[in-house]
Amino acid sequence: MPDLKSLIGTVTPLSPFLMTPSSDYITGVDWGTGDSWAKFQTVDPLTLPPMMLSMHDDEDETPAEVMLCSACLLSKWGFVDGDVLDWLPSRFDRRQVLCRLVREYLLPVLMERVEVMEIVTNHNPIRAVTVDGVDVEACWYGEQDRPTLTPAHITLSSAQVLRLAEVWFPADSSPP
């Protein structure tokens, strides 16, 4: 079985992959080839490529926390290809909740001035357009070096995310 660091080194931004840490292993799928790879020992999630990071491996299972990585703003496949909140009940538009979380919780804490746009897509629905005034749209596809955003991530409890979703998008009204 290959060493995890050597495996990560072989994946390019044009061939993003999904990594799902759990208590004993992580699994991955190379989205460029569709190949799955085997289980490895658990590693620190902050050492994994953030564009596809998920903190749970079963969309029916509610994770304890949701990590929103800043670098996900710079990728077409960020925030688990836009599906990081798939554990939320289906009555919510999970992508709208994600966009609102990014705008209200991630963007305000970034040290850089980041302008984002929301996109109707099957991929990441909220992406950086500029960072400190510099166009970064080519980053979405790995065509230019990604700037470093600080902090690297924020973490919210899943209970907090659910409460916010219920306040922002109550069952008896349409989304704002």
Side-chain angles (χ1 to χ4, degrees), residues 4-5 7-21 26-37 43-57 59 63 65-88 92-156 161 164-165 168 175:
L4 178 61
K5 290 202 184 287
L7 178 68
I8 290 174
T10 65
V11 178
T12 67
L14 296 177
S15 180
F17 59 101
L18 172 65
M19 295 181 112
T20 309
I26 58 177
T27 59
V29 177
D30 182 318
W31 286 30
T33 65
D35 294 334
S36 295
W37 41 271
V43 296
D44 177 357
L46 296 180
T47 65
L48 300 176
M51 72 175 79
M52 301 301 293
L53 190 64
S54 171
M55 295 308 293
H56 67 290
D57 59 1
E59 69 180 49
E65 296 180 325
V66 175
M67 182 185 298
L68 299 178
C69 295
S70 305
C72 289
L73 292 168
L74 301 168
S75 174
K76 171 184 177 179
W77 302 278
F79 303 112
V80 191
D81 209 25
D83 294 331
V84 71
L85 301 178
D86 270 3
W87 55 270
L88 277 174
F92 297 109
D93 182 325
R94 297 161 181 154
R95 290 168 184 260
Q96 282 188 335
V97 175
L98 172 60
C99 291
R100 187 105 181 236
L101 287 171
V102 167
R103 286 187 182 279
E104 295 195 22
Y105 288 86
L106 180 58
L107 293 180
V109 300
L110 292 177
M111 300 296 291
E112 299 76 22
R113 198 176 67 250
V114 178
E115 178 184 346
V116 297
M117 71 182 301
E118 293 182 28
I119 304 168
V120 178
T121 178
N122 289 330
H123 299 286
N124 177 11
I126 187 162
R127 303 181 202 165
V129 178
T130 65
V131 174
D132 290 332
V134 176
D135 186 308
V136 293
E137 288 184 50
C139 292
W140 299 354
Y141 307 99
E143 297 169 359
Q144 83 184 59
D145 291 336
R146 289 186 176 100
T148 301
L149 299 178
T150 307
H153 71 277
I154 62 165
T155 304
L156 302 166
V161 171
L164 289 167
W168 293 335

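This structure is a prediction, so every number in the text was calculated from the model and none was measured.
Scanning all heavy atoms of the two residues, the minimum distance from Asn124 to Thr121 falls at O-CG2, 3.5 Å.
A side-chain donor-acceptor contact under 3.5 Å links Arg95 to the backbone of Asn122. In this structure a side-chain-to-backbone donor-acceptor pair under 3.5 Å is present from Trp140 to Ala128. Side-chain atoms of Arg146 come within 3.5 Å of backbone atoms of Leu74 as a donor-acceptor pair (strictly under, hydrogens ignored). With Asp135 contributing its side chain and Glu137 its backbone, the two residues share a donor-acceptor pair below 3.5 Å. Listed for the Arg94 side chain is a donor-acceptor partner under 3.5 Å among the backbone atoms of Leu88. A donor-acceptor pair is defined here as one N or O able to donate and one able to accept, closer than 3.5 Å; such a pair exists between the side chain of Asp93 and the backbone of Gln96.
For the salt bridge (Lys or Arg N to Asp or Glu O under 4.0 Å) condition, no pair includes a residue of residues 67-76, sequence neighbours left out. Counting only residues at least two apart or in different chains, salt bridge (Lys or Arg N to Asp or Glu O under 4.0 Å) contacts with residues 101-116 comprise Arg100-Glu104, Arg103-Glu118.
Side-chain atoms of Pro125 and Leu98, non-hydrogen and from C-beta on, do get closer than 4.5 Å to each other. Side-chain contact check for Phe92 versus Val161: every heavy-atom pair is 4.5 Å or farther apart. Looking only at side-chain heavy atoms (C-beta outward), Leu68 and Tyr105 stay at 4.5 Å or farther from each other. With contacts defined as side-chain heavy-atom distances shorter than 4.5 Å, the pair Leu101/Leu85 qualifies.
Here the CZ atom belonging to Arg127 is positioned 8.5 Å from the CH2 atom belonging to Trp77, to the nearest 0.5 angstrom. Note that the CE atom of Met111 and the OG1 atom of Thr148 stand 13.0 Å from one another [nearest 0.5 Å]. Going from atom NE2 of His153 over to atom SG of Cys72 covers 11.5 Å, rounded to the nearest 0.5 Å. We find the SG-CG distance between Cys69 and Leu149 to be 11.0 Å, quoted to the nearest 0.5 Å. Rounding to the nearest 0.5 Å gives a distance of 6.0 Å between CG of Leu107 and CD1 of Ile126.
More than 12 heavy atoms of other residues, nucleotides or ligands sit less than 6.0 Å from atom CG of Asp132.
Partner Leu110 forms a side chain to side chain contact (heavy atoms under 4.5 Å, CB included) with one of Val131, Leu73, Thr150 and no other, that one being Leu73.
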